[in-house]
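Numbered from 1 within each chain, the chains take letters A, B, ... in sequence-line order.
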Amino acid sequence: MYQSLESTITSEVAAHVHIRYGITLPVVIEQPKQSSFGEMALPIAFQLAKELRRAPKAIATELIEELPAIDGVSKMEVAGNGYINLRLNRAAYAINALAGITVAAQTSGKIIVEHTNINPNKAAHIGHLRNAILGDTFVRMLRAAGNQVEVQNYIDNTGVQVADVVVGFHYLEKKSTAEVKALAAAPRFDYLCWDLYARTSSYYTDHKEALDWRAQTLHAIEAGEGELAELATIVADAIVACHLKTMLRLGVVYDVLPRESEILHLQFWAKAFELLKERKAIELAAEGKNKGCWVMRAEAFASSDDEDMDKVIVRSNGTVTYVGKDIAYQMWKFGLLGKDFFYRLWHTYPDGKQLFASSDVPADANHKFGAGSKVFNVIDSRQSYLQDVVVAGLKALGFNEQAANSIHFSYEMVALSPRTCVELDIDLSDEDKKRPYVEVSGRKGLGVKADDLIDKLIENASREVDARHADKSEADRKKAATAIAIGALRYFMLKYTRTSVIAFDFQEALSFEGETGPYVLYATIRSRNILKKYGPELPDFKSVLTADVFSRQLQDEDLWQYILAATRLDSAIDKALTAGEPAHMARFAFQLAQSFTNFYHGYQVLSEQDKEKQVFLLWLTEQFRSQLERALGVLGVEMPDFM
RNA sequence: GCGCCUGUAGCUCAGCUGGAUAGAGCAACUGGCUUCGAACCAGUAGGCCGGGGGUUCGAAUCCCUCCGGGCGCACCA
C-alpha cells in the first residue's frame, strides 16, 4: 500500500514540476526523522533551488499553493528550510491497505542469476554459504517484485581442483575406480575429499615432480577417456550431490547446472574463439612474454595500455584459459553464441521442482535455458579483475548492451575471527593474532565446513527448544530447532552489507538474541499465537472495518504509526533491489519485527473490552503477521510451528 | 607500482546513493515474568563519523590530500 501511494505522489509532483518549471527531476520521498512532521517528506524544493536560483523555502511555499490535490494526501506544509511534509488521509490509507492495493509488477525480460559455483572437489565452507544465501535471497527479492528469474549454478567439473582430488585417490591412495565409487556412495564423501585435497596440495609442495600427475589427469579429463577421466566424473558428480544437499538444508535451489565439461565438448569455446578473432577482440602476440598466445589487450579492461598487463586468453600450447571459457559462458547466458546445451534431468527436489544439468547428448527434455536480458554473477570481490575482463570481452565483440547488463554482484569474503581460529586449532602468527580477521585457505584444509556450522546451530537451537517445549514430540522439536537454526544462519549471512568482510565468529553466529533471525521468527510466532488464541472465528475485516471505524481508531498516533510500519514491505523490497543490497531486506524484516514487538507490548488484543477496537487490533495483528511472513519468505527463512 | 574496497559508540555493523537532533545489536549498569510465552521489554551510559582542505543553502555521504587496514593485478580457476 505504501508503495502505491509513493508512486502516485512522485508521478503527480514530477508532472506538476515539469509543467510549472519545465524541469524534469526525479522526485524523492523521505521518511521524516520525527513522526510528528508527518508521514512523508519531499526535499524537492532543495533540488529545484539549484536550477531556479531561488530560496528553497519560497519554492516550497509556492509548490504547496499550486500543487493540485493528491488522492490520499490530506495536508501539505512547509517545514525547516524548505521541506514539504505530507500528512496522509489515515482512514483512506487504511481502507486501501485493507483492500490490498499494490503496485502492478513490472515485466521485463528474463533475469539470470548465477551463484554458488563451488568447485566440486570438497565440502562447502562458510564462504560458499555467504555466496549461496546472498544469491538465493537476491533471487527471492527479484521474484517478489515480479521478475522472471533463472537460477544457474555453474559446475567446474574439469578443473585443476577436481584433478587434484583424482590425483589423491589414484596416485597417493592407489584406489581403484570401484573403491572410489564405493566411497562416493558413502556419507560424507565431501569431507573425505576435503582432507584428501589438502593432502594432495601439500604433497605437491614437497614433490614438484608430482605436478606431472596433475597434468596427465587434466589431459585425460579434457579428452574424456580412461580411468582418470572416469574418476573425475565420479568425484565431481558425487560432490555436486553433496553440495546440493547442503544447500537444500538452507532452502537454496537451482534451475539449471551448466557444466564446464559441456562447454568443452559442445565446442562453445571454439565458437566464441572464432567470433573474438573475427571481431579483433583478441590478437596473437608476436613477441614479448606472451609470444604465441592470443591475448586481450590491457586497454580493453584496465586504464593502462601496458603490454605486461595484457590478459592471455589462449595459451601458447593452444589451450584456453578460464577467462576464455567464461566469456563463452557469458555469451551463452545472453543467447549470443548461437549454440545451446542439451539438458537432462539431474534430480527432482522434494517439492517436485526439477533441476536440469547441461548435457552433450541430445535428449528429449524440452527445456531451454540461458538467453537472458540481464545477468547477475554472484562472485566474491577477489574475482572482480576477471569479471572485468569478461565484460571487456563482450564489449570488444560489440555487444555493448549485454556488457552493460552483465553485473558482477560482488561481495567481500568470509574470514575467521582470531578467537574462532584458536577454537579450531588453527596456528596463527603473532601478526595474525592482532588482526581483526584472518583469511583461511581451503587448499590447506582450514576453515569451517558449512554442514558442521549448520549442525552446531541446530544443536544450539535444540537446547533452547527442548527446554521450553518438553510437551512436544522429539520429531516436532527437531523440526522447529532446524527452522530456527537455518533462520539464524541466513539472517547472519545477510545482515552484513556486501562490501563488509565477515569476520566469522562462532559466538556471534550462534547467538539467537538481538538482531538475529530468531528475533524475527519470535515476533512472527507471537503474532500468529494471538490470532490462534482468539476464540471465535476471525471477523470478516473487510465488511466490519469501515472508514468511520478507521478514522476513530487512527486518532491514536501510535496505532497509525504501526499501520504505516506494517504496510511498507513492497516499498522496502523495491528499495533494496534498487540498492542491490539484500542486507537492507534483512534489516527491514528486523525493524518490522521490532515494530510488532512494541505493538505487542503496548496493546492487549485478546483482553480488549471495546469490541470495535478489538477488531481493529486483530486486523492490525493480522497485517503484521502476513507482512512478517512475507518478509521471511523473501529472506528464505521458514517458519517453525513453535519456538 | 597500478586497480578495487574500507576507516562511524568499548565490540560487530546500519545510515535508503547530499537533508531536519548520526542509529541498531552485543557488552556494561538499573528495573520488569500469575499477562497474547522474558529467544522479550523499559531505561541509563557511551560519538571531533581516521586527520586536513574543498564544493554549497546543507557533507558521515561528493571531490582533493595525508594516515591506517583489506583484497586483487599468472600461459591457476
Open item on the list: The side chain of A:Y522 is closest to which nucleotide in this list: B:rC13, B:rC40, B:rC75?
Closed with: B:rC40
TODO: Specify the residues of residues 524-531 of chain A, ordered by number, for which at least one heavy atom lies under 4.0 angstrom from an atom of RNA chain B.
DONE: A:R526, A:N529, A:I530
Open item on the list: Looking at the base of B:rA20, is there any donor atom on it, or on the side chain of A:N85, that sits under 3.5 Å from an acceptor on the other one?
Closed with: yes
Task: Shortest side-chain distance from A:M413, nucleotide among B:rC73, B:rC41, B:rG70 - done: B:rG70
TODO: Could I get the full list of ring pair (Phe, Tyr, Trp, His ring centres under 6.0 Å) partners for A:F588, not counting sequence neighbours?
DONE: none
- [ ] Respond yes when some side-chain nitrogen or oxygen of A:Q594 is under 4.0 Å from OP1 or OP2 of B:rG25, and no when none is.
- [x] yes
Task: Pairwise C1' distance for B:rU12 and B:rG58, with rounding to whole Å - done: 31 Å
TODO: Determine, answering yes or no, if A:F37 is stacked on B:rA20 under the 5.5 Å centre rule and the 30° plane rule.
DONE: yes
Open item on the list: Can you see if the side chain of A:Y329 gets near the phosphate of B:rA77 - specifically, an N or O under 4.0 Å from OP1 or OP2?
Closed with: no
TODO: Quick one: list whatever passes salt bridge (Lys or Arg N to Asp or Glu O under 4.0 Å) with A:E581, sequence neighbours left out.
DONE: none
Task: Sugar-phosphate, base or nothing in reach of A:V465, heavy atoms under 4.0 Å - done: base
Open item on the list: I want to confirm an ordering. Mapping A:V501 and A:R435 to their closest nucleotides on RNA chain B, which one lands closer to the 5' end?
Closed with: A:V501
Open item on the list: By the definition side chain to side chain contact (heavy atoms under 4.5 Å, CB included), identify the one residue from A:Q31, A:K575, A:Q3 that meets it with A:R568.
Closed with: A:Q31
TODO: Look at the side chain of A:S316 against the base of B:rC75 and say whether a donor-acceptor pair falls under 3.5 Å; ignore hydrogens and angles.
DONE: yes
Open item on the list: Taking the minimum atom-to-atom distance to the side chain of A:E439, which one of B:rC71, B:rA20, B:rA38 wins?
Closed with: B:rC71
Task: B:rC75 OP1/OP2 closer than 4.0 Å to side-chain N/O of A:N317 - done: no
TODO: For B:rG37, take OP1 and OP2 only and decide whether either is under 4.0 Å from a side-chain N or O of A:R468.
DONE: no
Using a cutoff of under 3.5 Å, can you pull out all pairs of nitrogen or oxygen atoms linking the protein to nucleotides 42-45 of chain B, with atom names and distances?
{"residue": "B:rA42", "atom": "OP1", "partner": "A:N598", "partner atom": "OD1", "Å": "3.3"}

TODO: Considering only atom C1', compute the distance from B:rA24 to B:rG18 and round it to an integer number of Å.
DONE: 23 Å
Task: Span that lies between the C1' atom of B:rA45 and that of B:rA28, in whole angstrom - done: 9 Å
Task: Value rounded to 0.5 Å, distance of OG1 in A:T200 from CG in A:N121 - done: 9.5 Å
- [ ] Return the set of residues passing side chain to side chain contact (heavy atoms under 4.5 Å, CB included) with A:R587 (not counting sequence neighbours), or none when no residue passes.
- [x] A:E515, A:Q591
Report, one line per pair, each donor and acceptor closer than 3.5 Å where one atom sits in a side chain of residues 40-49 of chain A; sequence neighbours left out.
{"residue": "A:Q47", "atom": "NE2", "partner": "A:P26", "partner atom": "O", "Å": "3.1"}

Open item on the list: Among residues at least two apart in sequence or on other chains, which ones pass salt bridge (Lys or Arg N to Asp or Glu O under 4.0 Å) with A:E283?
Closed with: A:R297
Task: B:rG37 phosphate, OP1 or OP2, under 4.0 Å from A:K533 side-chain N/O - done: yes
Task: Contacts of type salt bridge (Lys or Arg N to Asp or Glu O under 4.0 Å), residue A:D476, not counting sequence neighbours - done: none
Show the distances under 3.5 angstrom between N or O atoms of the protein and N or O atoms of nucleotides 55-58 of chain B.
{"residue": "B:rG58", "atom": "O6", "partner": "A:K50", "partner atom": "NZ", "Å": "2.9"}

Open item on the list: A:R468: which residues meet the salt bridge (Lys or Arg N to Asp or Glu O under 4.0 Å) condition with it, sequence neighbours left out?
Closed with: A:E464
Open item on the list: For a quick check, tell me whether the side chain of A:H584 and the base of B:rG15 share a donor-acceptor pair closer than 3.5 Å.
Closed with: no
Open item on the list: Quick check on B:rC41: is either OP1 or OP2 less than 4.0 Å from any side-chain nitrogen or oxygen of A:Y519?
Closed with: yes
Task: Side chain of A:S500 (C-beta onward), nearest among B:rA24, B:rC13, B:rA39 - done: B:rC13
TODO: Report the nucleotide, chosen from B:rC40, B:rC73, B:rC75, that has the shortest atom-to-atom distance to any side-chain atom of A:Y385.
DONE: B:rC73
Open item on the list: Taking only the P atom of each, what is the distance from B:rC63 to B:rA27 in whole angstrom?
Closed with: 38 Å
Task: Short side-chain to backbone donor-acceptor contact, A:N117 and A:Y154, under 3.5 Å - done: yes
Open item on the list: So, using side chain to side chain contact (heavy atoms under 4.5 Å, CB included) as the criterion, who are the partners of A:S261 when residues are at least two apart?
Closed with: A:N157, A:T158, A:R259, A:H265
Open item on the list: Would you say the ring centers of A:Y329 and A:F268 fall short of 6.0 Å from each other?
Closed with: no
Task: Side chain of A:Y496 (C-beta onward), nearest among B:rA74, B:rC13, B:rG72 - done: B:rC13
Task: Span that lies between the P atom of B:rG72 and that of B:rA9, in whole angstrom - done: 27 Å
TODO: Could you list the residues that satisfy ring pair (Phe, Tyr, Trp, His ring centres under 6.0 Å) with A:F642, not counting sequence neighbours?
DONE: A:H469
